[in-house]
A.B. asks: 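Dropping the structure in here first, questions after.
In this chain, numbering begins with 1 at the start of the sequence shown. Worth saying up front: this structure is predicted, and the values here are computed from it rather than measured.
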Amino acid sequence: MMRRISDLIVGFARFWYDFIIGDDWMAAAGVLVMIGGAYGLVRVGIPAFWFGPTAVLITVSLTIRRALRRAPDEY
C-alpha cells in the first residue's frame, strides 16, 4: 500500500517537472523572471504592462538562439 502511494507521488512530481520544465529549462526560468519582475515593478509603483511582452521576446529569442547553436544541422 505504501509503495503504491509512493509511486503515485513520484509519478505526480515527474509529470509536473516535465510539464513545467519540459525540453527547455530556460523558458521556465524566463517565466519565473517575468512574474517576479512584474511583481517587483508593481510593488515600487511602476506600471508593468510592458514588462511581460518584453520578457517573452527576450526569452524566446534566447531559447531559439541556444537551440540553433546546439544543433545547427537539424534546422
A.B. asks: Using salt bridge (Lys or Arg N to Asp or Glu O under 4.0 Å) as the criterion, list what pairs up with Asp18, not counting sequence neighbours.
C.D. replies: none
A.B. asks: Same cluster or not: are Ile20 and Phe15 linked, directly or through other Ile, Leu, Val, Met, Phe, Trp or Tyr residues, by side-chain heavy atoms under 4.5 angstrom apart?
C.D. replies: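 Yes, one cluster joins them.
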A.B. asks: Would you mind writing out the side-chain donor-acceptor pairs for residues 48-60 within the sub-3.5 Å range, not counting sequence neighbours?
C.D. replies:
from: Trp50; atom 1: NE1; to: Pro47; atom 2: O; distance (Å): 2.8
from: Thr54; atom 1: OG1; to: Trp50; atom 2: O; distance (Å): 2.7
from: Thr59; atom 1: OG1; to: Ala55; atom 2: O; distance (Å): 2.8

A.B. asks: Any idea how Trp16 and Phe19 line up, ring-wise: parallel (<30°), tilted (30 to 60°), or perpendicular (>60°)?
C.D. replies: perpendicular
A.B. asks: CZ/Arg14 to CG/Asp7 distance, rounded to the nearest 0.5 angstrom?
C.D. replies: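 Those atoms lie 9.0 Å apart.
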A.B. asks: Please list, one pair per line, the donor and acceptor atoms closer than 3.5 Å that link side chains of residues 30-41 to other protein atoms, with sequence neighbours excluded.
C.D. replies:
none

